[in-house]
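The structure under discussion appears below in the form of structure tokens.
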There are 2 protein chains.
Amino acid sequence: MAQPATNVALSHCAHDHEACITDALARADTVCRQQGLRLTAIRRRVLELIWANHQPTKAYDLLAQINAKRGNAAPPTVYRALDFLLEAGLIHKIESQNAFIGCAVDHERNQPKFFICRECGRAAEIQSSQIDDVIASEAQEAGFVVDHQTIEVDGLCAACAGAESTNS
Amino acid sequence: MAQPATNVALSHCAHDHEACITDALARADTVCRQQGLRLTAIRRRVLELIWANHQPTKAYDLLAQINAKRGNAAPPTVYRALDFLLEAGLIHKIESQNAFIGCAVDHERNQPKFFICRECGRAAEIQSSQIDDVIASEAQEAGFVVDHQTIEVDGLCAACAGAESTNS
DNA sequence: CTAATAGCGTTATCATATAACATCAAGGAG
DNA sequence: CTCCTTGATGTTATATGATAACGCTATTAG
Ligand SMILES: [Zn+2]
Ligand SMILES: [Zn+2]
Ligand SMILES: [Zn+2]
Ligand SMILES: [Zn+2]
């Protein structure tokens, strides 16, 4: 189950992945400094690994990656870091996969939601607030007070759908 | 973790619960007969327990309920029944709780989605297709081919929100 | 510096889910 | 009816996901 830190799945999506990781860590530093949160070495390392994988990553895979170079960390080490990062809004949990992914989105006006490709495994975070609006109005109608939402849409991303139709 | 089969949480929602269970089982019989599926004794029993609980129920709680009267079933017994029921569309999995709940909804035109109350624990399945429409259009725009969706909105149901504001 | 607190290491254990293989029951072909 | 195939179930073991509890250490407020 443990996976290499490099991300094969991104082959169809060219971008400067090193910068991607660096930027995410820089943002995290800023956010934590502003909010008086402590982004300790372990927490930072876990966040870095999550971004390096660049797709939903399981807690025990992160643990294996941490321990890859002679480490010997135990599960609570990772779960505590994950709890912190979730709390700080720096990552999200993909409930349908028991996996975690980095967040690069401003959530002041819309809640997390994902398109997840079954082929390449990537989870794209959607920013539109249309879905939130509809949910809000449906909730209003039902007298339901929304607290938190889990929206995970599985399917085929554009790149993988294109590849598939080309092959057939 | 194991819970009694009767459902305290439904106290604020008066309805003929026995009929509720009976109807669900009758519908299941019909669906399975029409589709050539075998609703065996165990599968039927698991479905009955899920409806009896009437809120998202965990696999091991179901197992405990099955074994309550001198039984000795093992986990695969329950998980296999759950797999069958999921496949047949007779239940849904609430991913954010690792729990299962009965379905009484026609899904020809809209996918499963839930409002889940943190207070009473009930999960109400929403039927509106507005949310599906918005997701479909967002997906279209992104070139994403939707296969399956997980939509779970947590919060306070009308009854529990009312009770809370009354108390304060 | 000191005390209080937050973070972390470590061990054990709980909770969720599946693999693998043996056995059994139902239904069709001959 | 008998044999055979298939799908369902029983059983044991194990994989995978997550947390409790406790003591030590590092950080920081005063
Ligand atoms: Zn996000
Ligand atoms: Zn893809
Ligand atoms: Zn349903
Ligand atoms: Zn409620």
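A, B, ... follow the sequence lines: proteins, then strands. Residue 1 opens every chain.
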Exercise for the section: Please state how far atom CD in A:Gln97 lies from atom C1' in C:dA17, giving the value in whole angstrom units. Expected result: 16 Å
Exercise for the section: Please report the C-alpha distance between A:His107 and A:Gln127 in whole Å, then the side-chain angles of each, then the deciding distance to 0.1 Å, and finally whether the side-chain hydrogen bond (donor to acceptor under 3.5 Å, both in side chains) criterion is met. Expected result: CA-CA 8 Å; A:His107 286 297; A:Gln127 272 218 59; over 6 Å; no
Fill in the blank from the handout: Checking A:Ile135, A:Asp132, A:Thr150 against A:Lys113 for side chain to side chain contact (heavy atoms under 4.5 Å, CB included), the one that qualifies is A:Asp132
Practice task
Taking only the side-chain nitrogens and oxygens of A:Asn98, find out if one of them lies under 4.0 Å from OP1 or OP2 of C:dT16.
Solution key: no
Handout entry: Exercise: do A:Gln130 and A:Asn110 side chains pair donor with acceptor under 3.5 Å
Key = no
Exercise for the section: Would you name the heavy atoms of B:Cys120 and B:Cys160 that are closest together and state the gap between them? Expected result: CB-SG, 3.6 Å
Practice task
Output yes when at least one side-chain N/O atom of A:Asn72 is less than 4.0 Å from OP1 or OP2 of C:dG9, else no.
Solution key: no
Exercise for the section: Using the rule that two of Ile, Leu, Val, Met, Phe, Trp, Tyr join whenever any of their side-chain heavy atoms come within less than 4.5 Å, decide whether B:Ile126 and A:Val145 are in one cluster. Expected result: no
Using the 3.5 Å cut-off, write out each protein N or O paired with an N or O of nucleotides 5-7 of chain C and the distance between them.
unit_1, atom_1, unit_2, atom_2, d
C:dG7, OP1, A:Arg43, NH1, 3.2
C:dG7, OP1, A:Arg43, NH2, 3.4
C:dG7, O5', A:Arg43, NH2, 3.4

Problem - Approximate separation, where rounding is to 0.5 Å, of A:Asp61 CG and A:Leu49 CG - result: 10.5 Å
Exercise for the section: Work out which heavy atom in B:Pro112 is nearest to a heavy atom in B:His92; give both atom names and the distance. Expected result: CG-CE1, 3.4 Å
Handout entry: Range-with-range stems for DNA chain C, at least three Watson-Crick or G-U pairs under 3.5 Å
Key = C:1-30 with D:1-30
Handout entry: Separation of atom OH in A:Tyr79 from atom P in D:dA18, rounded to whole Å
Key = 4 Å
Practice task
Test B:Arg43 against every option in B:Arg38, B:Glu48, B:Arg80 by the side chain to side chain contact (heavy atoms under 4.5 Å, CB included) rule and name the one that passes.
Solution key: B:Arg38
Fill in the blank from the handout: Between NZ of A:Lys93 and C1' of D:dA18 the distance, given in whole Å, is 8 Å
Exercise for the section: Please confirm whether any donor atom in the side chain of A:Arg80 sits under 3.5 Å from an acceptor in the base of C:dG9, or the reverse. Expected result: yes
Handout entry: Separation of C:dT10 C1' from A:Leu63 CG (nearest whole Å)
Key = 13 Å
Problem - Phosphate-side-chain proximity, A:Lys58 and D:dT16, N/O vs OP1/OP2 below 4.0 Å - result: no
Handout entry: Residues touching DNA chain C, which here means a heavy atom under 4.0 Å, drawn from residues 25-32 of chain B
Key = none
Fill in the blank from the handout: Taken to the nearest whole Å, CD/B:Glu87 to P/D:dG7 is 14 Å
Practice task
Measure from CG on B:Leu86 to C1' on C:dA17 and round the result to the nearest Å.
Solution key: 13 Å
Problem - Integer-rounded Å distance: D:dA18 P and B:Tyr60 OH - result: 15 Å
Exercise for the section: With DNA chain C as reference, determine whether A:Thr77 or B:Asp83 sits nearer its 5' end, using the nearest nucleotide of each. Expected result: A:Thr77
Problem - Between C:dC8 (P) and A:Arg44 (CZ): distance, integer Å - result: 14 Å
Problem - same_hphob_cluster(B:Ile66, B:Tyr60) at 4.5 Å side-chain heavy-atom cutoff - result: yes
Exercise for the section: Please determine, by modelled atom types, if B:Ser96 and B:Glu152 share a side-chain donor-acceptor pair under 3.5 angstrom. Expected result: yes
Problem - Non-hydrogen atoms of A:Phe115 and B:Ala142 that approach each other most closely - result: CE1-CB, 4.1 Å
Exercise for the section: For A:Pro56 and A:Gln97, work out which heavy atoms get closest and say how close. Expected result: CB-OE1, 3.4 Å
Problem - DNA chain C: 5'-proximal contact among A:Ala74 and B:Pro76 (nearest heavy atom) - result: A:Ala74
